[in-house]
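Here is the structure we will look at.
In this text, all values refer to a predicted model and were calculated from it rather than measured experimentally. Computed over heavy atoms, backbone and side chain alike; hydrogens, waters and symmetry mates excluded. We count residues from 1, following the sequence as given. Atoms within a ligand are numbered from 1 in the order they appear, just like the ligands themselves.
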Amino acid sequence: MLNLVLFGPPGSGKGTQSEKLIDKYKLVHLSTGDILRGEIAAQTPLGIEAKKKMEKGELVSDEIVIGMISNKLDNNTSAKGFIFDGFPRTTAQAQALDNLLTQKGTSITVMLSLDVEKQELVNRLLNRGKDSGRADDQDLSVIENRIAVYNRETAIVQDYYKAQGKLKDIQGVGSIDEIFDRLCRAIG
Ligand code: AP5
Ligand code: MG
């Protein structure tokens, strides 16, 4: 199996590049942000709980997101592989993911970490906020908090994969096709 962690701060292009990667490698795309927004739209208890955190740009609890990923892995037993987009965001999530994949006789192949500077992230998210309908794109202070939460709580997850020899840094500024080429070369 080819199991990719597509990593990077808010607005670094995880969702954009995931669409191209699933097309080329025929992988199942698991974006915890997209799944959570689906739960909010369906007004499930989980969605109502998560909405409070997401509106502020804070992380949803490990327990909730790990449970969601576990269900998705169970429901996609014939997948050729997965792209994990926006997950794991804490070391506890990374450990849980390793355990879940080990139980299924597989593992993460590589973490691809998109590197984009803060001002470019802010510009992209404010621009998307004009028509995304995402509450967390509407307000500069929420965008800045998402980036701060990434730096404070999530960036360290790279060390977890680095220790396993699985971290690849990708320059995340340039055209969408250029960045896609860099990702494909890193996957090999
Ligand atoms: P999530 O949905 O994961 O959002 P995010 O990490 O804040 O990132 P985005 O989806 O905004 O950005 P992206 O990297 O996908 O970039 P995109 O391709 O869209 O999480 C949302 C919230 O859910 C979190 O804050 C948290 O509350 C919760 N959550 C989710 N997962 C969680 C977890 N595991 N644990 C706990 N809580 C969790 O691109 C952005 C924009 O830039 C687009 O408009 C795009 O068109 C544009 N763009 C893309 N590439 C380029 C380029 N090369 N040049 C110029 N513009 C570009
Ligand atoms: Mg995204």
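A donor-acceptor pair shorter than 3.5 Å can be found between the side chains of Q164 and D98. Between the side chains of D139 and S141, at least one donor N or O sits under 3.5 Å from an acceptor N or O.
Taking Ile, Leu, Val, Met, Phe, Trp and Tyr as members and joining any whose side-chain heavy atoms lie under 4.5 Å apart, directly or through other members, the hydrophobic cluster of I179 also contains L2, L4, L6, L21, I22, Y25, L27, I83, V110, L112, L114, I170, F180, L183, I187.
Atom CE in M111 sits 13.5 Å away from atom NZ in K168 (nearest 0.5 Å).
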Please output the side-chain donor-acceptor pairs of residues 35-57 that fall under 3.5 Å, not counting sequence neighbours, one pair per line with the distance.
{"from": "R37", "atom 1": "NH2", "to": "D34", "atom 2": "OD1", "distance (Å)": "2.8"}
{"from": "E39", "atom 1": "OE1", "to": "T44", "atom 2": "OG1", "distance (Å)": "2.6"}
{"from": "T44", "atom 1": "OG1", "to": "E39", "atom 2": "O", "distance (Å)": "3.4"}
{"from": "T44", "atom 1": "OG1", "to": "G47", "atom 2": "N", "distance (Å)": "3.0"}
{"from": "K51", "atom 1": "NZ", "to": "E55", "atom 2": "OE2", "distance (Å)": "3.0"}

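Closer than 4.0 angstrom to ligand 1 sit non-hydrogen atoms from P9, P10, G11, S12, G13, K14, G15, T16, T32, G33, L36, R37, M54, E58, L59, V60, V65, G86, F87, R89, Q93, R124, L125, R128, R134, D136, R146, G174, I176, I179.
Considering only residues two or more places apart in sequence or on other chains, F87 meets the ring pair (Phe, Tyr, Trp, His ring centres under 6.0 Å) condition with none of them.
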